[in-house]
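Everything below concerns the one structure shown next.
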There are 2 protein chains.
Amino acid sequence: MVQYQDRLDRALAAISDPTRRSVLERLAGGPASISELADPFDISLTGMKKHVAVLEEAELVSTEKVGRVRMCRLGPRGLDEAQEWIEAHGRAMAARLDRLGTLLENDDQGEQR
Amino acid sequence: MVQYQDRLDRALAAISDPTRRSVLERLAGGPASISELADPFDISLTGMKKHVAVLEEAELVSTEKVGRVRMCRLGPRGLDEAQEWIEAHGRAMAARLDRLGTLLENDDQGEQR
DNA sequence: CCTATACTGAACCAGATGGTTCAGTATCAA
DNA sequence: TTGATACTGAACCATCTGGTTCAGTATAGG
């Protein structure tokens, strides 16, 4: 019963790492090999491959082996679900906070419906 | 030099857990105690307190002890930064994918810059 | 054919995460 | 004052995470 959220879980966890966010930003500029992705960071090839694997499992990135090079590009699915959740609930949270802001320092218990 | 991203890291990691997302959704409806938050889940009080602590460190939730009850409410900062990153880069990624989509099955190598 | 390149897989590591139980402490209510 | 309630902190646990090194394998190029 948690499984249908799995992709959202993975996507959010994937982008919670700054290295992986940088990788996504880099790939937004076009495909790149593992080596090219690893280059700007103080990280081993193996380490970068792991990051790419995480992004791939979150379906944010797709890869393809071409000769001895693994080309990485943005996946077709992208951050849609993550964006949807944040927009829907971020909006609700902000709205709630706005109302709270006007009522605060006054009555907290009354908020509990 | 990574530290200014720390809040974003924490916020995204915090909402990558489905239990914590549910807690945020619950709190969008008004403040709640730890017990009330734990109730819908098969989790101990201690377990829920840990989740709340994570949300608090991400500055998504603030808490206040009132008598023997710890009241939890949405924090003032919210998901702004997370939303900004996803919107900015999600948009860029989607745009890139659109262009790729029109060019694909044709020439991949030419995309590299 | 030989060598350098680009990745891959296995093994390992320290620290974080998500959960537990158990033994408190503090407070509300009777 | 006594008991139930609501949390808290410590200790423990299994698994995941982000990283490493080392020893391959496969391919591009000369």
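Reckoned from all heavy atoms, side chains included, excluding hydrogens, waters and symmetry mates. Chain identifiers are assigned alphabetically (A, B, ...) following the order of the sequence lines, protein sequences preceding nucleic acid strands; residue numbering begins at 1 within each chain.
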Figure out the [atom1]/[atom2] separation between [X] and [N], and round it to whole Å.
| X | N | atom1 | atom2 | value |
| --- | --- | --- | --- | --- |
| B:R20 | C:dG19 | CZ | P | 8 Å |
| B:I15 | C:dG18 | CD1 | P | 13 Å |
| B:F41 | C:dT20 | CZ | C1' | 18 Å |
| B:M48 | C:dT17 | CE | P | 17 Å |
| B:M71 | D:dA6 | CE | C1' | 13 Å |
| B:E56 | D:dT8 | CD | P | 10 Å |
| B:K65 | D:dT5 | NZ | C1' | 11 Å |
| A:D42 | D:dT21 | CG | P | 10 Å |

Inset, instruction - Assess whether one donor atom and one acceptor atom, taken from the side chain of B:T46 and the base of D:dG9, lie less than 3.5 Å apart. - result: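 Pair found.
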Inset, instruction - Respond yes when some side-chain nitrogen or oxygen of A:R70 is under 4.0 Å from OP1 or OP2 of C:dT8, and no when none is. - result: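 Checking C:dT8 against A:R70, a side-chain N or O does come within under 4.0 Å of OP1 or OP2.
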Legend entry - Residue from A:R10, A:R77, A:K50 passing salt bridge (Lys or Arg N to Asp or Glu O under 4.0 Å) with A:E57: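 Only match with A:E57 under salt bridge (Lys or Arg N to Asp or Glu O under 4.0 Å): A:R10.
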Inset, instruction - May I ask you to decide whether A:E64 forms a salt bridge with A:R70, counting only side-chain N to carboxylate O separations under 4.0 Å? - result: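 So A:E64 does not pair with A:R70 through a salt bridge.
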Using the side-chain heavy atoms of [X], tell me which of these nucleotides is nearest: [options].
| X | options | result |
| --- | --- | --- |
| B:S44 | C:dA6, C:dT20, C:dG18 | C:dT20 |
| A:H51 | D:dT8, C:dG18, D:dG19 | D:dG19 |
| B:I43 | C:dT20, D:dT8, C:dA6 | C:dT20 |

Inset, instruction - Would you mind telling me which residue lines up with the more 5' stretch of DNA chain C, A:K49 or A:R68, judged by nearest nucleotide? - result: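 Whichever sits nearer the 5' end wins; that is A:R68.
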Inset, instruction - Specify the residue among A:K50 and B:I34 whose closest nucleotide of DNA chain D lies further upstream toward the 5′ end. - result: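 Result of the comparison: B:I34.
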Inset, instruction - Using a 4.0 Å heavy-atom cut-off across all strands, classify B:G47 as base, sugar-phosphate, or nothing. - result: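 Since a base atom lies under 4.0 Å of B:G47, the category is base.
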Ignoring hydrogens, what is the shortest heavy-atom contact between [X] and [Y]? Give both atom names and the distance.
| X | Y | answer |
| --- | --- | --- |
| B:C72 | B:L27 | O-CD2, 3.3 Å |
| A:A38 | A:I43 | O-CG2, 4.0 Å |
| B:L60 | B:G78 | CD2-O, 3.2 Å |

